[in-house]
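Below is one structure, written out as structure tokens, with a few remarks after it.
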Amino acid sequence: MDIDSLINDVIAREGGYGDHPADKGGPTRWGVTQAVARAHGYAGDMRHFPRDDAVTIYKHIYWDGPGYAAVAAIAPRIAAELFDTGINMGPPVATGFLQRALNALNREQRDYPDIGIDRQIGPKTLAALTAFIRLRGGNGEQVLLKAMEALQGERYLTLAEQRPANEAFLYGWLANRIG
């Protein structure tokens with residue numbers, strides 16, 4: 001697993017240009033919203049947003065910025081999930097899912113101390129993840145991934161319940177973003 005492969009997978013899944021009327025993000029290309037593209041200096045029509053700019057944004061905002069490379073050194077599948085969820089919901093939300101799951105799986109702090117849900121990858125989150133993987137092994141990473149995906153699925157359902165226009169996206173979110 002490397003970041004370039006993850007980015008290529010996201011771009012392939014997201015496709016080219018889109019502008020769904022129910023999408024609050026507005027026009028997108030390669031999965032990058034117009035607002036994100038504008039915030040990073042792109043002023044043109046989103047139909048022509050360069051793929052290389054999308055790659056740069058994905059690397060900086062959704063991998064390097066939140067510290068997911070450090071997670072990848074411990075648990076590559078968790079890092080891949082954080083990256084994908086971070087693109088769809090924002091890195092703080094994805095990181096919060098990891099922190100909540102680690103706390104719920106620490107057997108009342110017998111395995112490692114609870115960590116704050118600050119939604120940032122830091123030394124305590126990395127220490128908890130390391131302890132969890134060390135104690136639970138390879139199967140532990142899969143269980144942690146399931147817990148994170150359960151939180152993600154619940155959030156998607158809530159988004160659709162709170163804003164009926166999001167029902168247009170719910171099936172795709174569940175089919176393409178979980179599992």
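Below, each value reflects all heavy atoms present in this structure, side chains not excepted, and no hydrogens, waters or symmetry copies. It should be emphasised that the depicted structure is a prediction, and the values quoted were computed from it without experimental measurement.
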message: Show me the pairs that pass ring-ring contact (aromatic ring centres under 6.0 Å, His included) and involve residues 147-179, at least two apart or across chains.
response: His20-Phe169, Tyr156-Trp173, Phe169-Trp173
message: With a 4.5 Å cut-off on side-chain heavy atoms, are Tyr58 and Phe83 touching?
response: yes
- request: Indicate the atoms forming the closest heavy-atom contact of Ala94 with Leu82, along with that distance.
  value: O-CD2, 3.3 Å
message: Would you compute the distance between atom OG1 of Thr33 and atom NZ of Lys24 and round it to the nearest 0.5 angstrom?
response: 12.5 Å
field: Summary of side-chain hydrogen bond (donor to acceptor under 3.5 Å, both in side chains) pairs that have at least one residue in residues 132-149, sequence neighbours excluded
entry: Arg77-Gln142
Please list every donor-acceptor pair under 3.5 Å in which a side-chain atom of residues 36-44 meets a protein atom from a residue at least two apart or in another chain.
{"unit_1": "Arg38", "atom_1": "NH1", "unit_2": "Tyr42", "atom_2": "O", "d": "3.0"}
{"unit_1": "Arg38", "atom_1": "NH1", "unit_2": "Gly44", "atom_2": "O", "d": "2.9"}
{"unit_1": "Arg38", "atom_1": "NH2", "unit_2": "Gly44", "atom_2": "O", "d": "3.0"}
{"unit_1": "His40", "atom_1": "ND1", "unit_2": "Val36", "atom_2": "O", "d": "2.9"}
{"unit_1": "Tyr42", "atom_1": "OH", "unit_2": "Asp45", "atom_2": "O", "d": "2.7"}
{"unit_1": "Tyr42", "atom_1": "OH", "unit_2": "His48", "atom_2": "O", "d": "3.4"}
{"unit_1": "Tyr42", "atom_1": "OH", "unit_2": "Phe49", "atom_2": "N", "d": "3.3"}

message: Would you say that Trp63 contacts Leu6 through its side chain, given a criterion of any heavy-atom pair below 4.5 Å between the two side chains?
response: yes
task: Decide yes or no on side chain to side chain donor-acceptor pair (under 3.5 Å) for Arg163 and Asn166, but give the supporting numbers first.
output: CA-CA 6 Å; Arg163 182 175 177 261; Asn166 283 336; 2.7 Å; yes
message: On a heavy-atom basis, which atom in Leu151 and which in Ala101 lie closest, and how many Å separate them?
response: CD1-N, 4.5 Å
statement: Between Val32 and Met46, the two heavy atoms sitting closest are O-CE, 3.3 Å
Could you give the side-chain donor-acceptor pairs of residues 124-133 under 3.5 Å, partners two or more places apart or in another chain?
{"unit_1": "Thr125", "atom_1": "OG1", "unit_2": "Gln99", "atom_2": "NE2", "d": "2.9"}
{"unit_1": "Thr130", "atom_1": "OG1", "unit_2": "Leu126", "atom_2": "O", "d": "2.8"}

query: Can you tell if the side chain of Met89 reaches within under 4.5 Å of the side chain of Gln152, non-hydrogen atoms only?
result: yes
- prompt: Going from CG on Leu135 to OH on Tyr112, what distance comes out if it is rounded to the nearest 0.5 angstrom?
  reply: 8.0 Å
Donor-acceptor contacts under 3.5 Å from residues 7-16 side chains, at least two apart:
{"unit_1": "Asn8", "atom_1": "OD1", "unit_2": "Arg51", "atom_2": "NH2", "d": "2.8"}
{"unit_1": "Asn8", "atom_1": "ND2", "unit_2": "Asp4", "atom_2": "O", "d": "3.3"}
{"unit_1": "Arg13", "atom_1": "NH2", "unit_2": "Asp84", "atom_2": "OD1", "d": "2.2"}
{"unit_1": "Glu14", "atom_1": "OE2", "unit_2": "Arg177", "atom_2": "NH2", "d": "2.2"}

message: When you measure from the side chain of Arg119 to the backbone of Thr95, do you find a donor-acceptor pair of N or O atoms at a distance under 3.5 Å?
response: no
task: Search all heavy atoms of Ile61 against all heavy atoms of Pro66 and return the closest pair with its distance.
output: O-CD, 3.1 Å
- request: Answer yes or no: are there more than 12 heavy-atom neighbours, outside Gln109 itself, under 6.0 Å from its atom CD?
  value: yes
field: Taking every non-hydrogen atom, the tightest pair across Ala79 and Tyr68
entry: CB-O, 3.6 Å
task: With sequence neighbours excluded, tell me which residues meet side chain to side chain donor-acceptor pair (under 3.5 Å) with Glu154.
output: Thr158
- prompt: So, do Leu157 and Leu170 sit near enough that their side-chain heavy atoms are less than 4.5 Å apart?
  reply: yes
